[in-house]
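Just so you know, these numbers come straight off a predicted model, no measurement behind them. Just so we're on the same page: letters track the sequence lines, and every chain starts at 1.
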Amino acid sequence: MDSLSSQEELKESDIEKPKKETENLNENEIENEIEKENSQEKPEKETEEQKKKKYWDRSKIRRMRQLMKEKRFEVMIQAFTSSLKRILIPVSITMILTVILIKTLYSDQTMNNQFQDVSVYNENSSDSGGKKFAGSLLNALIIVGAIVVMTFLIVLCFKFGCMNLVFAYIIFSTFIMLGIIGAVTFIELLVAENLGMDWLSFVIFMLNFAVVGVTVIFWKGPEIFNKMYLIAVSVLVAKVFASLPEWTAWILLGAIAIWDIFAVLSARGPLKVLIETAQQEDKPIAGLLYNSSLYFENDYDNDDNDNDDENSDKNHESSSDKDHKFVDNPYSTSSDEDNFENDTNQPKKNEEIENKTEDNNETKKEDQDDDLIKIPKEVFPERKKRPETKKPEKVQYQYQYEDEDEGGIKLGLGDFIFYSVLIAKASLNDYSTVFTCFIAILTGLSLTLFFLIVYQKALPALPISISFGIIFYFLTKLVLDPFIEQLGNSSVFA
Amino acid sequence: MTLVLFFGCLFVAFSPIIALFIFVIYKEAKLLIIMLAGAFFWLLSIFIASILWKIVKPLQDENAWSIAISIVAQEGVRLLLYKIFIKLEANIYRFATKQTLETEKSYLKGSLACGVGYSFAYVLVMYGSVMTHSTGPGSLFTSECPKISLFIVNALLAHNFGILNILWTIIIFISFKSLKNKKENKKIIYIFAITLSLASHFLLSYLTLIKNCKVSLLVNYLISIPLAIIGYFFIKKYYRNKKDFYQSQINETQKDEQTIEVIKPQENDQKQDLTRRRVPNDNTSDDEPVLFDNDIKIK
């Protein structure tokens, strides 16, 4: 999850300068052109008129600049709002499904801890507060430590070029998770609803469920199935985590949020090593780290997948445009502001770079023969965030407008899971806790999204939402519930 | 009467919110955020009230006190929400040169979204946990109303309070904004509207203390009628017909056209193509990189 952060930082440092200079260039260029045209078109006219026109032009330019600013702001807001819906809807669907699942399974019976054999400390209600805290802190730290160790392992794997091993592991574990946890949950649901089913059809059903899930998530399939399976995965994992004892669960959530901050924002995360090696050896980064950050996605390789001819044409055009722009920028830094006079050199450079990028694309396509490449963006999005595909962020907006379903802002699967864990923990209590946590998480998410748009940088999606969620959970449980209960008992509306 | 009662109560209590959500708010993502913010702020207000209630012990004995704290907190936070909202709104239209009807409309829609969020959180917290008990076997009756289930009475009350919360928010938002406007000469109407909405909030909440359900329901609905009329006239100022209200705001393409229109009148005839190049038209984004590209191509 830290890959993006440090990568983005690099990106910014790379790109900021060229952007600024191009801005200056643009302005200068515009002014120059206007003056040129003035002098070329009407050289015979009187000087006074010319002066007037010049003045008028300047005011127009000023107006233009203001318009540009305004437009940029508008584009920002537009990007925020258009991406919001696409993120809020799946998150709320996941949370609602989790609540329904937990409420149907555990409304009558208590949840038994599925980590009982693994965890170091098992909570007893008779233990003192301090003991509980220390024990559950240890538990949470072990789980977070496992995540950290896995991240480092994957970095090592990447460094020594055995990515296929990692992919194989992830596919296998997804298969096992869908199969076994899905089966357990399904049996529990059957028991809770008091329904019967024979073993043969049950096994066939679960096998189908798991195989189709792995196929759809890692290889190909209809988009909607992909999304459904991703939601199913997060609901199942959330259900498992919800069985953690009370204290451990809350401390784990806090620890994950803190780790998230560190991993996404600090430059010394394990991912920095990953990016450095990727840049040195010019390998594509296959990001399959536990991912929980909000970020912009650049996808260029999507053209093959498009069904509509028009769309794919548009994409082609736009992507080629973007490549141009992107390629242009680094050179505009190296040369001076008089860049435009040195036009003659530029096309060659561009061609060279285009060739380079084409080569890269070719290598990419070669890679695509492996099954691994087609892994969807939701799970392994960083794959497409290669250093060469950097470009000014505004173009990303542009891309986003062109097709709203693909590209744009993405949310890691980890966030889905931990939001659902929080909601699942809350749904073991009264319904009012669920409502307040729901609103808190959604508000935190939209705040994070807003910051993402403002700062243009990969951000951890967990901290704001989780902290709101935790605060609201305890406030509701301790203060709001008795208050509402008292009002509700006499059916008073205040 | 388990699931049937539950869904009946659900749809009675949430009907105004669901309708407004589907037909107005869901169409514009901006309104969705405002609605979320409204819900969040209502939760803040109720937390403030409940913390006060928890800390000050004597308040816990009498329902009248808890109602008073709750109302004061809610109205105070509504005012805070108004302040924040108007600041944000001013920022969004910072570049808009003049106050057009479009910005007024968006202000109105924003206040509506705030109100929907406010009443959504209100109904969810105040009535939600009561409602979820209706899934149990059987129903609940009181000695004052032996014929109507308590869940249904509460659902009707929640329905009324849901509508009222939306109305209060709209009325207060519009009135405060109009009071700020120096050209407005009918300030007395707005002051009257504000006092009416505040007074009705107190009155109606205290009326729910009456155990006789018929009286409290009837009076509740009767008092909300004048507020509805005021709200209707406030909204009618900005909208000529119903269709106008349900249409979502300017699309992206329309926006582009608009900006072009804004510039065109100021253009000189001779330099049309020069300016046109700088005006974003085909390229959806109008940023510098695009211009940069165009310039190169032209050369």
Side-chain angles (χ1 to χ4, degrees), chain A residues 19 22-23 25-26 29-30 33-34 37 41 56 60 63-64 66-75 77-78 81-82 84-85 88 321 324-325 328 340 343 392 394-395 397-398 401-402 430-432 435-436 439-440 442-443 446 472 475 479-480 482-484 486-488 490-494, chain B residues 28-30 32-33 36-37 39-40 43 46-47 49-51 53-54 60 63 66-67 70-71 92 94-95 121 124-130 132 150 153-154 157-158 161 204-205 208-209 252 255 259 263 266 268 270-271 274-275 278 280 283-289 291-293 295-296 299:
Chain A
K19 226 200 300 175
T22 48
E23 275 175 23
L25 276 177
N26 278 326
E29 178 61 16
I30 290 165
E33 256 189 41
I34 290 164
E37 290 205 9
E41 283 176 6
W56 185 82
K60 200 167 72 180
R63 197 179 145 61
M64 279 298 176
Q66 208 215 337
L67 198 87
M68 274 174 191
K69 261 187 196 169
E70 178 183 338
K71 200 62 183 156
R72 194 196 268 166
F73 191 74
E74 248 171 43
V75 166
I77 295 224
Q78 201 81 41
T81 51
S82 66
L84 193 88
K85 241 192 217 176
L88 285 193
D321 275 2
H324 270 295
K325 276 165 220 158
D328 283 344
F340 285 86
D343 275 351
K394 294 160 203 162
V395 189
Y397 291 132
Q398 185 185 349
Y401 279 128
E402 276 167 16
D430 203 44
Y431 269 104
S432 53
F435 304 144
T436 49
I439 292 171
L442 289 189
T443 315
S446 32
F472 273 39
L475 271 180
V479 187
L480 186 61
F483 182 67
I484 285 174
Q486 204 206 9
L487 291 181
S490 40
S491 70
V492 165
F493 283 82
Chain B
E28 277 176 65
K30 194 184 108 192
L32 211 65
I33 307 160
L36 253 181
F40 186 76
L43 281 184
I46 203 70
F47 280 136
S50 55
I51 287 169
W53 176 83
K54 190 85 179 177
Q60 295 176 15
N63 266 337
S66 13
I67 291 175
S70 167
I71 292 173
I92 286 171
R94 187 173 38 177
F95 299 109
L124 212 56
V125 171
M126 282 287 171
Y127 181 61
S129 33
V130 176
T132 48
L150 189 68
V153 174
N154 275 6
L157 279 175
F161 271 92
L204 292 179
S205 288
T208 52
L209 279 173
E252 289 145 29
K255 254 186 187 170
T259 45
I263 299 159
Q266 298 189 5
N268 228 359
Q270 300 148 353
K271 280 163 201 155
L274 186 80
T275 34
R278 270 176 284 151
N283 300 317
T284 36
S285 132
D286 43 294
D287 311 300
E288 286 87 339
L291 293 172
F292 190 71
D293 236 20
D295 287 346
I296 290 174
K299 281 209 166 183

Examine whether an atom of B/Ala37 lies under 4.5 Å from a heavy atom of chain A, and if so say whether it belongs to the side chain, the backbone or both; otherwise answer neither.
neither
Taking ring-ring contact (aromatic ring centres under 6.0 Å, His included) as the definition, give me every residue that meets it alongside B/Phe47, ordered by chain and number, with sequence neighbours left out.
A/Phe472
Please step through side-chain contact (heavy atoms from CB on, under 4.5 Å) for the pair B/Asn154 and A/Phe493, ending with a clear verdict.
CA-CA 9 Å; B/Asn154 275 6; A/Phe493 283 82; 4.2 Å; yes
Measure distances from B/Leu43 to the heavy atoms of chain A and classify the residue's part below 4.5 Å as side chain, backbone, both or neither.
side chain
Heavy-atom pair count under 4.5 Å with chain A, highest-scoring of B/Thr132, B/Leu150, B/Ile51, B/Ile71:
B/Thr132
Interface moiety of B/Phe161 toward chain A, non-hydrogen atoms closer than 4.5 Å
side chain
Taking all heavy atoms of A/Gln486 and all of B/Gln60, pick out the closest pair and write down the distance.
NE2-O, 2.7 Å
If I measure from the heavy atoms of chain B, does A/Thr436 come under 4.5 Å with its side chain, its backbone, both, or neither?
both
Assert top hit (heavy-atom pairs under 4.5 Å, partner chain A, pool B/Leu204, B/Leu32, B/Ile33) equals B/Ile33
Taking every heavy-atom pair that is under 4.5 Å apart, which of A/Ile484, A/Asp430, A/Leu487, A/Leu475 has the most such pairs with chain B?
A/Leu475
Most chain A-contacting option - heavy-atom pairs closer than 4.5 Å, from B/Val130, B/Val153, B/Leu157
B/Leu157
Using heavy-atom distances under 4.5 Å, tell me whether A/Phe483 contacts chain B through its side chain, its backbone, both, or neither.
both
Honestly, the part of A/Leu442 sitting under 4.5 Å from a heavy atom of chain B is both
If you measure from CZ on A/Phe435 to CG on B/Leu124, what distance do you get to the nearest 0.5 Å?
4.0 Å
